[in-house]
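One structure is given below, represented as structure tokens, and several questions about it will come after.
The sequence lines fix the lettering, A, B, ..., with proteins before strands; numbering per chain opens at 1. Predicted model only: the values in this text are computed from it and were never measured.
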Amino acid sequence: MQQRRILDEVAINHELLRGNLATPKWWLPTVLGLLVVVLFGFTLMGIMFNKGLGVTGLNRPVYWGLFITTFVFWVGISHAGIMISAILRLTQAEWRRPVTRAAELLTVFSLLTALFFPLIHAGRPWRIFYWITPFDFARGIFPNARSPLVWDPFAIGTYLTGSTLFLYVALLPDLGVLRDRTTGWKHSFYTVASLGWRGNPRQWRLQTVAGILLSALMLPIFVSVHSIVSWDFAVTPSVEGWHSTVFAPYFVVGAVHSGVSAVVTMMAVMRWLWGWDNYIRPEHFDALARLLIVVACAWLGFTFAELIFGVYSLEAPERALREMQMFQWPWNLLFIIFFLTAFAIPVPLWFFKRVRNNIAMMFWTSILVNIGMWLERFLIIVPGLSRKQPFVFTWDSYQVSPLEWGLLLWSFAWVMMLMLLFSKFFPLIPLFETKESQVFTTDVKIGRVNMPAVIRELD
Amino acid sequence: MVTAAERVSSHKWGMAVDVDRCTGCQACVMACQAENNIPLSTEDIYRQKRTFAWIRIERYWYGEFPNVKARFIPIMCQHCENAPCEPVCPVFATYHNTEGMNVQVYNRCVGTRYCGNGCPYNVRFFNYWEPTWPTSLRNQLNPDVTIRSRGIMEKCSFCVQRIRRVSRETTRDGRELQDGDIETACTEACPTNALVFGDYNDDKSRVSIMRNDDRKYTHLDALNTDPNVVYLAQVDATGGAAGGHE
Amino acid sequence: MVTSSLITDAVDERPSNIEATATLAGEGRTAVSSGLKLFMWILAALSVIGIVGIVFRFINDDGRQDWGYYAATVGWMLTIFGGAPMVAIAPALAKANWVRPVARIASLGAVATSVLALLLIPLLFKLPALTEFSEVLGDDVRRRSIWFDSPDYAPHFWNALSLATLALVGMFMAYVMAIPDLAAIRDHGSGWKQRWAKKLARGFHGRPQQWEWLKMRIGITGALYFATLMFVNFLFSLDFAVSMVPGWKDSVFPFYHVITSFQAGLAFVILGAWASRRWGGTEKFIGQEQMWSLGKFMLATTLLWFYFFYSSFIVFWYGRSESDTATIKLLVSGPYIYLFWTVFFLVFIIPWWVMIWNKVRDSLWGPPIAAVIILFGLFLDRIRIYVASWSAVPDDLELATTSILGDMPETMWPDIFDIFIMVGLPALGLLSILLVTRLVPVVSLWEMQQSRLISKPIRFLRGHALLVGKPD
């Protein structure tokens, strides 16, 4: 039974601005700790630029490895924001409200992180402008529009721009609140940032229309981004494990799986760190877990199709690839871990209401999903490359170097640090959504039951 | 997109490899190394699985002990008409020229290595390190060939520097280019003439004749790459022509 | 009821429970309009023509390529009638209130699915065994399929079993969802309907345990139906299309089949809602809101049609390997190119540009028009897929066991028996549904009453709104 909390608006302001108007004690040490890891990561990148990509474990034929895996992983995580904000907004799911800001934020920051990887992964990173910008400079030629690697910057750039706008539009009313409660330079900052927000009817209408329009516009972009990332692989006929038509929807659903799980992780952390027990409630975890069950089952269907069609062709190299991917050491271990963590452990657990409403359990299962989803990308990218075509003479394996592990660690620290920095200046739970939710929900009494009810606009 | 048939060019360079003649002596590999300033594949590099060999001899064992046979297939860039490496390059660093060759423009390359993944023959090589040569070898570097810096892709160029030089010389002298005027480093070094280089547009050239041989096959037909390097199958003494390992 | 000061009561114009009972379960609905009677007789005549078509198809049978149009028709009916019940399940699982008036129409699709299970039988006779090539090429040579080393007739067995299961689960679900209505007919109706309803209602009196039982059955059969539908689409699309074409390796195709099934199911429900308003006297129950919501979902599936089609197309087109180009040629640019472009416009371009306008979506005439276009387009799409695959009979068996399609088959045109089949079988399916609606009301009475119970029109400040309860 969902319990509606009745909160008054002063309390909402007070509690949700806890991290902005005052600094929690743990904030500075945590950010400094993360900064150390981040600086360490940048040092590693510096070493890589200085010495060359030889410092990684990449070789021939495994030209892509952990960096591209991590790129796909973070692009996947970024799909959470639009999934939750746009789709749930358009379908008027009431429980989305406290989650939206965090999800959008995750989209923006994980995209910023994902962008690093293909760029530092290039052999000559100082020349990538020839690749990512559609301008012919002095060379007289534009980038090659036939290359999926050129579609990537366009797709991700559009997605990043769109989701930043989306985040900003949803932030405006809260910036107005912050402007009114700060002094000094902060006040000036919020004054400029809130774009003269006063909360008059016209502004609210514009803000709502912009939100809905952006939601609808972001949906096709959301689908296209991970489809294009998947086509980086799928359009290559030479690599058996990659050339599969299901890749686009498979990657998109996998991205939603990992992204929504990441939102669950983040919500649990937010609830613990800032004590927002009145806002992030077990029922939100319950709803997210139900959504995750559906997504995970769809994802399993796609995985099954991908594997069965891999064996379907009965061609020798493809069979060798699948045998290595699933049955040869150490890939079989990775494959088992991948399957257990991405599906077999969390999904059956989510079928229990007690697990869905238990925040610690949700936290750990969502972490498991993301371990599994990272491994999934790794298991797609690397075995395909190391067992390419029937020329067994060139088959080879790949060992991840410590530097690559370091940069994987860096990516997590970097996202977390950006999040914490953001939380210092902007509220992580949208104030106006919470207040709107107070107005739009009520209780109805049917017989002896008190039932939560929502108001649907008809006009 | 200009198709192969529409390209106006007097030459279409290609190579024919008679697998039956190949003894696996690796002379072509060494010649190529010397001609094209290929970075040294030291023991260290070998352990990193990053060796360079624009042409390599793949060795496969056939049969059951004690009747085991080694078979050799020289593999270099196949200069596919329908190359999977070309469309995937984001910066046009690799493209098809009008003479049937798949060419690599080192200056354009940013090193995404996508072409390396796209190549089904694994004949594209990435410079993970800045190439270095010991002082004793400095003077043997070929001044006609660019030394590739780190972070870019390289591959067999059909010794394009030789093609250009001979073309210039024939134009200067005002004579027709004859079959056999141009020899790549590997064909020149091959003691059994297993490797032959020439012009497919010249019907009488050796490669054209070999391309019409009954033993002719190309690698990975199913991928539709349409390579300009053709192979002549090994003749099995016990009867029947055994192809490569396919 | 807890009301905040923002909410005031509004006039409730929905039919009262008494009125709804009288219209949907009372004696008023025993009369059959002469138009509907005539229509059902026409359908019966067409069904006979269809059966004649099947018989003559068996007589004039020159190999499996002659059965392409039959397979296409069966595939089309599976797409529509199999997908329709999903419209009843999916929103119900998400607690959507708007779906209640059309849930019955959707669930009745299962009735036609059971007819379809019978229509599968001739097709099973024509489906080649896994050992099709073994006579010529040796015992160990089998045709490429997802069945690998299973017994020779594994696809026949599993397809028959899964489609029968789908029909059974669907019928059971439709029946369970109809029980409270049958009880209402027992209590308020008369004549043969009352007698039948009494037998079928199985003593349902609306006790709390009985409602619990009902809710649980609907939930379980709903989930089971979805799983079976996925499985059936997966098997049917692979065994009756993909694996019959050497070299067609398309892992997204089963999902493409599922998506078209949802699209066709929605189109079917929209047309059913329109027809029941027009001829069934249900204007008071099915309104613009249903059309609007169904239309939104149909627009979404229309866009997904393109997404799934494009996912496979770009991989083939960019891949350029021999099997890739052959697959594109067979299905898109080769013998059926005109058909493909017609499909592309009917299933994607036209519905997209029609349904993207809210004015069209939020109307009583817009979604039905788009639905007709989509259903016709999907019929052509099934022809493009199944006729092409059934005509790809390999001449060169060596090639057929590798991944390359040898010679491109020629365009197959339907003969007169194919036309009989294409007209007759869907008529048979439709007739079976109409026959059932003589007993079961086309709008679910209990869903309407529950909807009245947990939602109510209100005024929110100066606007009109609906207050909807969210039970667990």
Minimum heavy-atom distance A/Ser238-B/Leu223, with the two atoms named =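 Looks like CA-CD1, 4.4 Å.
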task = Please determine, among B/Asn224, B/Thr51, B/Asn107, the option with the most heavy-atom pairs under 4.5 Å with chain A.
result =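 Option with the greatest count: B/Asn107.
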request  = Measure across B/Phe125 and A/Tyr63 and return the closest heavy-atom pair with its distance rounded to 0.1 Å.
outcome  = CA-OH, 3.5 Å
Portion of B/Pro84 that has a non-hydrogen atom of chain A nearer than 4.5 angstrom =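 Only the side chain of B/Pro84 comes within 4.5 Å of chain A.
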query = For atom CE of B/Met30, is the number of surrounding heavy atoms from other residues, nucleotides or ligands below 6.0 Å larger than 12?
reply = no
message = Could you check whether any side-chain N or O of B/Tyr128 sits under 3.5 Å from a backbone N or O of A/Asn59, counting only pairs where one atom can act as donor and the other as acceptor?
response = yes
Evaluation steps, side chain to side chain contact (heavy atoms under 4.5 Å, CB included), between A/Arg124 and B/Ser149 = CA-CA 10 Å; A/Arg124 301 201 283 187; B/Ser149 70; 3.7 Å; yes
remark   = In terms of heavy-atom pairs under 4.5 Å with chain B, the winner among A/Val239, A/Thr56, A/Val235 is A/Thr56
ask   = With a 4.5 angstrom heavy-atom cut-off, which part of A/Leu58 approaches chain B: side chain, backbone, both or neither?
value = both
message = Using a 4.5 Å heavy-atom cutoff, which residues in residues 110-120 of chain A come close to chain B?
response =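 From residues 110-120 of chain A, none sit under 4.5 Å of chain B.
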Nearest non-hydrogen partners of A/Phe391 and B/Pro120, listed with the distance = CD1-O, 4.0 Å
task = Would you sort out whether A/Trp64 and B/Arg113 count as a side chain to side chain contact (heavy atoms under 4.5 Å, CB included), showing the intermediate values?
result = CA-CA 8 Å; A/Trp64 290 358; B/Arg113 306 194 282 299; 4.1 Å; yes
ask   = A/Lys51 side chain to B/Glu130 main-chain N or O, any donor-acceptor pair under 3.5 Å?
value = no
message = Test of understanding: with salt bridge (charged side-chain N to carboxylate O under 4.0 Å, His left out), list the residues that count as partners of A/Arg127, not counting sequence neighbours.
response =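 Counting only residues at least two positions away or on another chain, A/Arg127 forms no salt bridge (charged side-chain N to carboxylate O under 4.0 Å, His left out).
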inquiry  = If you apply the rule side chain to side chain contact (heavy atoms under 4.5 Å, CB included), what do you find for A/Val62 with B/Lys49, and how did you get there?
reply    = CA-CA 10 Å; A/Val62 187; B/Lys49 304 164 194 161; over 6 Å; no
inquiry  = For B/Tyr106, is the OH atom crowded, meaning more than 12 foreign heavy atoms sit under 6.0 Å from it?
reply    =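 Buried by this count: over 12 neighbours within 6.0 Å.
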inquiry  = Taking side chain as everything from C-beta outward and backbone as N, CA, C, O, which of these in A/Asp232 sits under 4.5 Å from a heavy atom of chain B? Side chain, backbone, both or neither.
reply    =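 It is both, since atoms from each part get that close.
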query = Just wondering, do B/Gln48 and A/Arg60 contact through their side chains at under 4.5 Å, heavy atoms?
reply = no
query = How close do B/Arg150 and A/Asn50 get, heavy atom to heavy atom, and via which atoms?
reply =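 Shortest heavy-atom separation between B/Arg150 and A/Asn50 comes out as NH2-O, 3.2 Å.
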task = Sort A/Trp231 into side chain, backbone, both or neither according to what part of it lies under 4.5 angstrom from a heavy atom of chain B.
result = backbone
request  = Answer with side chain, backbone, both or neither: which region of A/Leu149 has an atom nearer than 4.5 Å to a non-hydrogen atom of chain B?
outcome  = both
request  = Sort B/Arg56 into side chain, backbone, both or neither according to what part of it lies under 4.5 angstrom from a heavy atom of chain A.
outcome  =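 Only the side chain of B/Arg56 comes within 4.5 Å of chain A.
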key: Greatest number of heavy atom pairs closer than 4.5 Å to chain A - which of B/Asn117, B/Asn122, B/Ile152, B/Thr112   = B/Asn117
query = Of the non-hydrogen atoms in B/Arg50 and A/Leu53, which two are nearest, and what is the gap between them?
reply =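 Closest heavy-atom pair between B/Arg50 and A/Leu53: NH2-O, 4.1 Å.
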message = Can you tell me which of A/Val55, A/Asp396, A/Val150 forms the most heavy-atom pairs within a distance under 4.5 Å of chain B?
response = A/Asp396
inquiry  = Apply side chain to side chain contact (heavy atoms under 4.5 Å, CB included) to residues A/Thr236 and B/Tyr114 and explain how you reach the verdict.
reply    = CA-CA 9 Å; A/Thr236 312; B/Tyr114 201 0; 3.8 Å; yes
ask   = So with a 6.0 Å cut-off around CZ of A/Phe129, is the heavy-atom count from everything else above 12?
value =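 12 or below, so no.
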query = Which one, A/Ala122, A/Pro237, A/Pro125, A/Gly57, leads in non-hydrogen pairs under 4.5 Å with chain B?
reply =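 With the most close heavy-atom pairs to chain B, the winner is A/Ala122.
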query = How close do B/Pro90 and A/Trp131 get, heavy atom to heavy atom, and via which atoms?
reply = CB-CD1, 3.5 Å
query = Mind checking whether A/Trp126 and B/Val110 have side chains closer than 4.5 Å, heavy atoms only?
reply = no
inquiry  = Less than 4.5 Å to any heavy atom of chain B: does that hold for the side chain of A/Phe67, its backbone, both, or neither?
reply    =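 For A/Phe67, there is no contact with chain B at all, as no heavy atom is under 4.5 Å.
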ask   = Taking the side chain as C-beta and beyond, is there a heavy-atom pair between A/Gln389 and B/Tyr121 under 4.5 Å?
value =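 No - every pair of side-chain heavy atoms lies 4.5 Å or more apart.
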request  = Tell me, for A/Trp242 versus chain B, whether the close heavy atoms (under 4.5 Å) come from the side chain, the backbone, both or neither.
outcome  = side chain
A/Asn144 (side chain) donor-acceptor with B/Pro87 (main chain) under 3.5 angstrom =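 Side chain of A/Asn144 to backbone of B/Pro87: a pair is present.
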